[in-house]
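One structure is given here, and the rest of the page talks about it.
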Amino acid sequence: MTQLPQGYPRRLRLLKADDFSRVFSNRCCRKGHFLHVYAKPNQLPHARLGMIAAKKIVPTAVARNFARRIIRESFRLSQTQLASSDYVVRVARIILPQQAVLVREELARLLERAGQCREY
């Protein structure tokens with residue numbers, strides 16, 4: 001049994017605005033009910049994740065943090081199966097605690113589909 005990474009180190013994150021802009025400029029987007037996933041292939045041996053939980057869409061800090069926690073954990077558990085791409089996950093609506101399982105399933109499906117995008 002392979003050991004899953006136990007953290008979310010800096011090398012797995014999109015941190016700079018330029019990184020986010022490059023992903024958005026690729027125009028590869030997969031949309032779900034709760035999330036939108038944007039992707040762009042990278043030259044690294046691993047996938048990287050960026051998250052957007054806008055205050056306009058998710059007004060309370062508690063709800064934004066909950067959404068980010070679900071996204072981070074789902075990414076951490078599935079990162080070994082993902083293509084080496086940069087992914088930006090945008091929260092499209094408020095996620096309630098009882099919807100967490102649905103969101104995890106949706107994110108796994110969207111990440112897989114977005115990973116198949118080719119660079120323009």
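FYI, side chains are in, hydrogens and waters are out, and symmetry mates aren't considered; it's all heavy atoms of this structure. A quick note: this is a predicted structure, and the numbers were derived from the prediction, not measured.
Note that CZ of R109 is 13.5 Å distant from OG of S78, once rounded to the nearest 0.5 Å. The SG atom of C29 lies 8.5 Å from the CZ atom of R90; values are rounded to the nearest 0.5 Å. Between the CD1 atom in I94 and the CZ atom in F66 there is a gap of 12.0 Å [rounded to 0.5 Å]. To the nearest 0.5 Å, atom CZ of residue R113 and atom SG of residue C28 are 9.5 Å apart. Here the OG-NE2 distance, from S85 to H46, works out to 12.0 Å after rounding to the nearest 0.5 Å. R30 CZ to E112 CD: the interatomic distance, rounded to the nearest 0.5 Å, is 11.5 Å.
Looking at heavy atoms from C-beta onward, H33 lies out of side-chain contact with L102 at the 4.5 angstrom threshold. When side chains are defined from C-beta on, L14 counts as touching V23, because their heavy atoms get closer than 4.5 Å. In this structure, Q79 and Y87 have side chains that are not in contact, with every pair of non-hydrogen atoms separated by 4.5 Å or more. For the pair N26/P41, a side-chain contact is recorded, criterion being any heavy-atom separation below 4.5 Å from C-beta on. At least one side-chain heavy atom of V37 sits less than 4.5 Å from a side-chain heavy atom of L111.
A 6.0 Å sphere centred on CD of E106 holds more than 12 heavy atoms belonging to other residues, nucleotides or ligands.
By the side chain to side chain contact (heavy atoms under 4.5 Å, CB included) test, R72 pairs with Y8, M51, R68, R69, sequence neighbours left out. Checked against side chain to side chain contact (heavy atoms under 4.5 Å, CB included), A92 has the following partners two or more places apart in sequence or in another chain: H36. The side chain to side chain contact (heavy atoms under 4.5 Å, CB included) test applied to I57 returns A54, not counting sequence neighbours.
Closest of all the heavy-atom pairs between A39 and A114 is CB-O, 3.4 Å. Across all non-hydrogen atoms, the minimal contact from A53 to V91 is CB-CG2, 4.0 Å. Across all non-hydrogen atoms, the minimal contact from A100 to I70 is CB-CD1, 3.7 Å. Scanning both residues, G50 and F20, for their nearest heavy atoms gives CA-CZ, 3.7 Å. G115 approaches A83 most closely through the heavy-atom pair O-CB, 3.8 Å.
The hydrophobic clustering, which links ILVMFWY residues whose side-chain heavy atoms are closer than 4.5 Å, places V58 and Y38 apart. Placement of F75 and F34 within a single hydrophobic cluster is found when ILVMFWY residues are connected by side-chain heavy-atom separations under 4.5 Å, directly or transitively. A single hydrophobic cluster is seen to contain both L12 and V89, as judged by linkage of ILVMFWY side chains at heavy-atom distances under 4.5 Å, directly or through other members. Placement of V88 and L82 in two distinct hydrophobic clusters is found when ILVMFWY residues are connected by side-chain heavy-atom separations under 4.5 Å, directly or transitively.
The main-chain N or O of S74 is never found under 3.5 Å from a side-chain atom of R104 such that the two would form a donor-acceptor pair.
In this structure, R48 pairs ionically with D86, as a charged nitrogen and a carboxylate oxygen lie closer than 4.0 Å.
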Task: side-chain contact (heavy atoms from CB on, under 4.5 Å) between L35 and I71, intermediate numbers included - done: CA-CA 10 Å; L35 305 168; I71 294 166; 4.1 Å; yes

